[in-house]
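Everything on this sheet refers to the single structure shown next.
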Amino acid sequence: MRTVDWNWFFSSLAQSVAALVGIFAAFIITKVVNNQAEFNRKKIRLKELLSVSAKYRDALLDRSFDWYSKHKLKHTLDSLDFRLDDETNRRAPEGYYENFNFPPYLPRSEVLNKIEEKIRRHSGRSSQTSYPGMMDVESVRFNAAQDMRFRETVNEEGERISSLILDVRQHIRLVKLHLSELEGNPEASKLISSSIIGAILLFFLGIIYPLSFLPVDTEKPISFSIAAFFPVLFSLKGFMLAIVGLIFSAIMITFWFVNLSLKYKVADMQDLRRAEGFENYSEHLRVMTENQEAQRKWAELARSPANDT
């Protein structure tokens with residue numbers, strides 16, 4: 001009966017597994033290095049977006065929201081006076097709020113109260129006592145030329161605010177896009193962590209362990225017991241294999257920790273999530289958002305079939 005040449009078997013096994021481990025290690029190292037570069041790029045971009053968010057918050061603080069809203073409300077209410085003088089059928093205050101360009105940075109309830117007050121004043125006038133109203137209209141027309149420059153100043157501030165809001169909205173789109181790239185820490189791959197563990201096990205079981213049997217005395221039976229392993233471990237051959245195994249393990253474990261470290265800070269992610277909220281940039285933008293939502297709900301209710309009946 002032909003016996004197995006264990007020297008050839010263990011030597012071939014170690015060489016074959018070494019080639020396989022080399023491919024695994026090359027893939028792991030390349031992937032981790034590429035992921036680290038991508039992680040650093042995204043991290044820098046994250047910091048840039050947070051910095052731009054802070055810049056827009058400061059810019060919104062510099063804008064004269066209160067001054068603009070106060071004078072814009074006055075001018076819009078003056079325009080409403082003309083409309084109410086010509087109308088006989090009064091609408092709900094919400095209807096005028098929707099059709100007139102009232103400042104969106106004031107609480108909607110406050111503006112509706114002003115509109116309702118205007119409607120009540122006009123409704124209380126009879127045809128015999130309409131002259132004071134005409135005097136108000138004439139007074140507005142007389143002061144229009146003098147007030148034109150001031151109105152232009154108010155409108156210019158409104159345009160600057162609107163332009164800044166457009167920039168904020170575009171920035172929010174970029175924040176959402178980048179946030180979708182960061183969710184789940186894609187650079188900290190679980191597949192790479194599993195591959196590193198598999199490569200270490202394959203290295204020791206397929207290379208170090210088979211090499212520990214060489215050279216094999218074909219006249220004696222091969223022993224796989226622990227007792228037979230320790231004499232090899234404390235020999236020169238065992239020392240060399242242990243050094244090689246420790247170095248390879250240290251390299252793989254280093255890349256394993258590098259892979260685990262490619263996670264974005266929780267605080268930075270929370271700040272970036274806050275930066276995608278339009279209302280988080282300014283209290284006036286929060287009021288604007290609430291006003292738009294409240295007006296939208298009113299419009300849906302007003303157009304519903306149940307309300308028509």
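Treat the numbers as computed from the prediction; the structure is a model and nothing was measured. Atoms considered below: every heavy atom in the structure, side chains included; atoms not considered: hydrogens, waters and symmetry mates.
Of all the heavy atoms in Ala275 and Ser53, the pair that sits closest is CB-OG, 3.4 Å. Listed here is the closest heavy atom pair of Phe255 and Ile196: C-CD1, 3.8 Å. Closest approach of Ile172 to Glu276, counting heavy atoms only: CG2-O, 3.4 Å.
Note: the hydrophobic cluster containing Phe10 also contains Trp8 (ILVMFWY, side chain heavy atoms under 4.5 Å, direct or indirect links). Ile192 and Val33 fall within a single hydrophobic cluster, where Ile, Leu, Val, Met, Phe, Trp and Tyr side chains are chained together by heavy-atom contacts under 4.5 Å. Hydrophobic clustering places Phe278 together with Val52 (ILVMFWY residues linked when any side-chain heavy atoms are closer than 4.5 Å, directly or through intermediates). Val17 and Ile200 fall within the same hydrophobic cluster, where Ile, Leu, Val, Met, Phe, Trp and Tyr residues are linked whenever their side-chain heavy atoms come under 4.5 Å apart, directly or through other members. The hydrophobic cluster containing Leu285 does not contain Leu61, counting ILVMFWY residues as joined when their side-chain heavy atoms lie under 4.5 angstrom apart, directly or transitively.
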### Message
Test salt bridge (charged side-chain N to carboxylate O under 4.0 Å, His left out) on Arg41 and Glu38; report intermediate values, then the result.
### Response
CA-CA 5 Å; Arg41 183 191 68 80; Glu38 182 69 7; 2.7 Å; yes
### Message
The test is side-chain contact (heavy atoms from CB on, under 4.5 Å); show your working for Arg149 and Val154 and say whether it passes.
### Response
CA-CA 9 Å; Arg149 183 171 297 178; Val154 174; over 6 Å; no
### Task
Begin with the C-alpha distance, continue with both residues' side-chain angles, and end with the deciding distance and a verdict on side-chain contact (heavy atoms from CB on, under 4.5 Å) for Met288 and Glu279.
CA-CA 8 Å; Met288 177 182 177; Glu279 66 281 358; over 6 Å; no
### Task
I would like to know whether Thr153 and His71 meet side-chain contact (heavy atoms from CB on, under 4.5 Å); could you show each step before the answer?
CA-CA 10 Å; Thr153 304; His71 293 288; over 6 Å; no
### Query
Would Tyr264 and Leu272 count as a side-chain contact (heavy atoms from CB on, under 4.5 Å) if you check the C-alpha gap in whole Å, the side-chain angles of each, and the deciding distance to 0.1 Å?
CA-CA 11 Å; Tyr264 303 97; Leu272 197 62; over 6 Å; no
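Tyr281 places no side-chain N or O within 3.5 Å of a backbone atom of Val168 that could act as its donor or acceptor partner. No side-chain donor-acceptor contact under 3.5 Å links Asn259 to the backbone of Val32. Judged by distance alone, the side chain of Thr30 and the main-chain N or O of Phe27 form no donor-acceptor pair under 3.5 Å. Looking at Asn291, its side chain does come within 3.5 Å of a backbone N or O of Leu106 through a donor-acceptor pair.
Side chain to side chain, Asp66 and His284 meet the donor-acceptor criterion of an N or O pair below 3.5 Å. No side-chain N or O of Glu293 forms a donor-acceptor pair with one of Thr289 less than 3.5 Å apart.
Ionic pairing of Glu157 and Arg160 is present here: one or more N-O contacts between side-chain nitrogen and carboxylate oxygen are shorter than 4.0 angstrom. Residues Arg296 and Glu300 are paired through a salt bridge, judged by an N-O separation under 4.0 Å between the basic side chain and the carboxylate. Ionic pairing of Arg120 and Glu117 is not present here: no N-O contact between side-chain nitrogen and carboxylate oxygen is shorter than 4.0 angstrom. Note on Lys47 versus Asp268: salt bridge recorded, some NZ/NE/NH1/NH2 to OD/OE distance being below 4.0 Å. A salt bridge links Lys42 and Glu187; the closest N-O separation between the charged side-chain nitrogens and carboxylate oxygens is under 4.0 Å. Ionic pairing of Arg286 and Glu290 is present here: one or more N-O contacts between side-chain nitrogen and carboxylate oxygen are shorter than 4.0 angstrom.
Rounding to the nearest 0.5 Å places CG of Leu205 at 10.0 Å from CG of Leu13. Residue Ile251 holds its CD1 atom at 11.5 Å from CD1 of Ile28, rounded to the nearest 0.5 Å. In this structure, the separation between CG on Asp62 and CG on Leu164 is 9.5 Å, given to the nearest 0.5 Å. How far CD1 of Ile115 is from CZ of Arg91: 10.5 Å, rounded to the nearest 0.5 Å. Going from atom CD of Gln36 over to atom OG of Ser261 covers 6.5 Å, rounded to the nearest 0.5 Å. One finds the CG atom of Leu84 at 11.0 Å from the OG atom of Ser79 (value rounded to the nearest 0.5 Å).
By the 6.0 Å contact criterion, NZ on Lys118 is enclosed, its count of non-hydrogen atoms from other residues, nucleotides or ligands being greater than 12. By the 6.0 Å contact criterion, CZ on Phe257 is open, its count of non-hydrogen atoms from other residues, nucleotides or ligands being 12 or less.
By the side-chain contact (heavy atoms from CB on, under 4.5 Å) test, Leu260 is found to be paired with Ser193, Trp256, residues two or more places apart in sequence or in another chain being considered. With sequence neighbours left out, Glu183 forms a side-chain hydrogen bond (donor to acceptor under 3.5 Å, both in side chains) with Arg273. The side-chain contact (heavy atoms from CB on, under 4.5 Å) search around Ile243 returns Phe239, Ile247, not counting sequence neighbours. For the side-chain contact (heavy atoms from CB on, under 4.5 Å) test, residues two or more places apart in sequence or in another chain that qualify with Leu20 are Phe24, Leu202. A search for side-chain contact (heavy atoms from CB on, under 4.5 Å) contacts involving Ala299 returns Glu98, Arg303, not counting sequence neighbours.
Annotation: side chain of Arg45 is in contact with side chain of Leu49 (closest heavy-atom distance under 4.5 Å). A heavy-atom distance below 4.5 Å is not found between the side chains of Tyr97 and Trp298. Side-chain contact between Arg83 and Tyr96 is present, with heavy atoms from C-beta onward closer than 4.5 Å. For the pair Leu182 and Lys43, the minimum side-chain heavy-atom distance is 4.5 Å or more. Residues Leu60 and Ile161 form no side-chain contact, since every pair of their non-hydrogen atoms from C-beta on lies 4.5 Å or further apart. At least one side-chain heavy atom of Asn101 sits less than 4.5 Å from a side-chain heavy atom of Lys72. Side-chain atoms of Leu191 and Ser195, non-hydrogen and from C-beta on, do get closer than 4.5 Å to each other. Using a 4.5 Å heavy-atom cutoff, the side chains of Phe100 and Leu80 are in contact.
A cation-pi arrangement is absent between Arg63 and Tyr68, since the terminal nitrogen or guanidinium carbon is not both under 6.0 Å from the aromatic centre and inside a 45° cone about the axis.
Pairs engaging residues 161-207 under the ring-ring contact (aromatic ring centres under 6.0 Å, His included) rule: Tyr56-His171, Phe203-Phe248 [sequence neighbours left out].
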